Amino acid sequence: MKPNTSPRPLKRLLLAACAAAVVGSSLTACFPLLVGGAVGGVLVATDRRTSGAQLEDEGIELRSMARLRDNIGSRARVSVTSYNRQVLLTGEVLNENDKKLVEQVVSRVENVNGVVNELAILNSPTLVQRSSDVLITGQVKALLVDAKDLYAGAFKVVTERGTVYLMGRVTQREADRATEIARGARGVQKVVRILEIISEEEMQRLVPPPAKSAPAPRS
């Protein structure tokens with residue numbers, strides 16, 4: 001496996017732009033139900049999911065949001081993140097019944113293989129707390145990009161009340177290394193792994209070979 005060799009200044013610039021966009025959208029969102037999945041087409045080439053699975057994950061998140069809005073309305077703040085048809089639920093609900101209802105609604109969405117329910121029975125976090133979670137997510141992503149022995153695009157990072165959730169299709173070595181990195185980020189209280197462990201051989205098959213540079217034209 002070849003290490004990530006992109007120039008660090010360029011990576012930092014791209015991450016800063018992404019973080020700014022995320023902060024802006026997070027602080028001005030009008031809806032209590034949040035979709036956590038779509039990052040954009042730029043990462044499709046490095047994502048270890050098939051293109052079909054990526055589209056299904058986006059569909060799962062959108063359908064879940066719509067159905068939760070119909071069943072829960074504005075009395076909960078729920079974030080839905082799907083990776084390879086495995087759904088992570090984070091946020092806050094008012095009581096245990098709503099927590100179970102959210103899980104039941106999402107589990108019935110087409111193509112969902114499993115649901116990890118991390119909803120808390122709490123009041124919604126303050127703006128300061130939500131901003132802190134956004135910054136932690138950006139920090140963990142930046143640290144993963146800077147790690148020379150990891151493919152940052154293989155991971156999806158979600159943060160809720162200082163707990164970092166790692167999702168992705170990775171090897172055991174990558175899982176352990178990413179966990180170590182995430183635990184070292186400022187403000188992280190706990191790291192929860194929702195990872196699909198694959199073999200080194202399968203990982204090599206999933207990673208696209210580096211593009212060959214065209215020969216220089218003869219003068």
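Numbering of residues begins at 1 and proceeds along the displayed sequence. In this text, all values refer to a predicted model and were calculated from it rather than measured experimentally.
- The shortest distance between side-chain heavy atoms of V116 and L89 does not fall below 4.5 Å.
- For the pair A182 and V188, the tightest heavy-atom approach, listed with the atom from each and the gap, is O-CG2, 3.4 Å.
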Exercise for the section: Start with the C-alpha distance between L94 and I121, add both sets of side-chain angles, then the distance that settles side chain to side chain contact (heavy atoms under 4.5 Å, CB included), and finish with yes or no. Expected result: CA-CA 6 Å; L94 295 178; I121 303 174; over 6 Å; no
Practice task
Apply side chain to side chain contact (heavy atoms under 4.5 Å, CB included) to the pair V192 and V164, showing each step before the final yes or no.
Solution key: CA-CA 6 Å; V192 176; V164 172; over 6 Å; no
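- Side chains of Q172 and D176: a donor on one and an acceptor on the other come within 3.5 Å.
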Practice task
Any chance you could lay out the side chain to side chain contact (heavy atoms under 4.5 Å, CB included) test for I72 and D98, step after step, and finish with the verdict?
Solution key: CA-CA 8 Å; I72 299 294; D98 277 352; 4.3 Å; yes
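- No donor-acceptor pair under 3.5 Å is formed between the side chain of N117 and the backbone N or O of E103.
- Nearest heavy atom pair, residue N71 against residue L101, reads O-CD2, 4.1 Å.
- Of the possible donor and acceptor atoms, none in the side chain of T159 sits under 3.5 Å from a partner among the backbone N and O of G162.
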Exercise for the section: Just do the side chain to side chain donor-acceptor pair (under 3.5 Å) check on N123 and E92 with the steps written out, would you? Expected result: CA-CA 6 Å; N123 292 325; E92 299 80 27; over 6 Å; no
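- Inter-residue side-chain proximity for T90 and V158 is flagged as met; some heavy-atom pair is nearer than 4.5 Å.
- Between the side chain of K190 and the main chain of T163, no donor-acceptor pair closer than 3.5 Å is present.
- Judged by a 6.0 Å distance limit and a 45° cone about the ring axis, R49 is positioned over the six-membered ring of Y83.
- When all heavy atoms of D47 and Q54 are compared, the pair lying nearest together is CB-NE2, 3.6 Å.
- Contact annotation: the side chain of R173 approaches that of E200 to within less than 4.5 Å [non-hydrogen atoms, C-beta and beyond].
- The closest side-chain heavy-atom distance from I181 to L150 is below 4.5 Å.
- Here the OG1 atom belonging to T81 is positioned 11.5 Å from the CD atom belonging to E118, to the nearest 0.5 angstrom.
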Practice task
Assess whether side chain to side chain contact (heavy atoms under 4.5 Å, CB included) is satisfied between V170 and Y151, documenting all intermediate values.
Solution key: CA-CA 9 Å; V170 298; Y151 284 95; over 6 Å; no
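- Counting only N and O atoms by type, the side chains of E160 and Y165 include no donor and acceptor under 3.5 Å apart.
- Using a 4.5 Å heavy-atom threshold, the side chains of M65 and V80 count as separate.
- With respect to the salt-bridge test (charged N to carboxylate O, under 4.0 angstrom), the residues R177 and E174 do not qualify.
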Handout entry: salt bridge (Lys or Arg N to Asp or Glu O under 4.0 Å) between K156 and D57, worked out
Key = CA-CA 12 Å; K156 181 174 286 188; D57 284 332; 5.7 Å; no
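- Residues I194 and L166 form no side-chain contact, since every pair of their non-hydrogen atoms from C-beta on lies 4.5 Å or further apart.
- Closest heavy-atom contact between S64 and V106: OG-CG1, 3.8 Å.
- Between L195 and A175, the shortest heavy-atom distance links the atoms CD1-CB, 3.6 Å.
- Salt-bridge annotation for K141 and D146: absent, with no side-chain N of the basic residue lying under 4.0 Å from a carboxylate O of the acidic one.
- Here the side chains of R161 and L122 are in contact, with some heavy-atom distance below 4.5 Å.
- Using modelled atom types, one side-chain atom of T137 and one backbone atom of D133 make a donor-acceptor pair closer than 3.5 Å.
- You'll find the side chain of M203 reaches within 4.5 Å of the side chain of R48, heavy atoms only.
- Checked by atom type and distance alone, the side chain of E56 never pairs as donor or acceptor with a backbone atom of R85 at under 3.5 Å.
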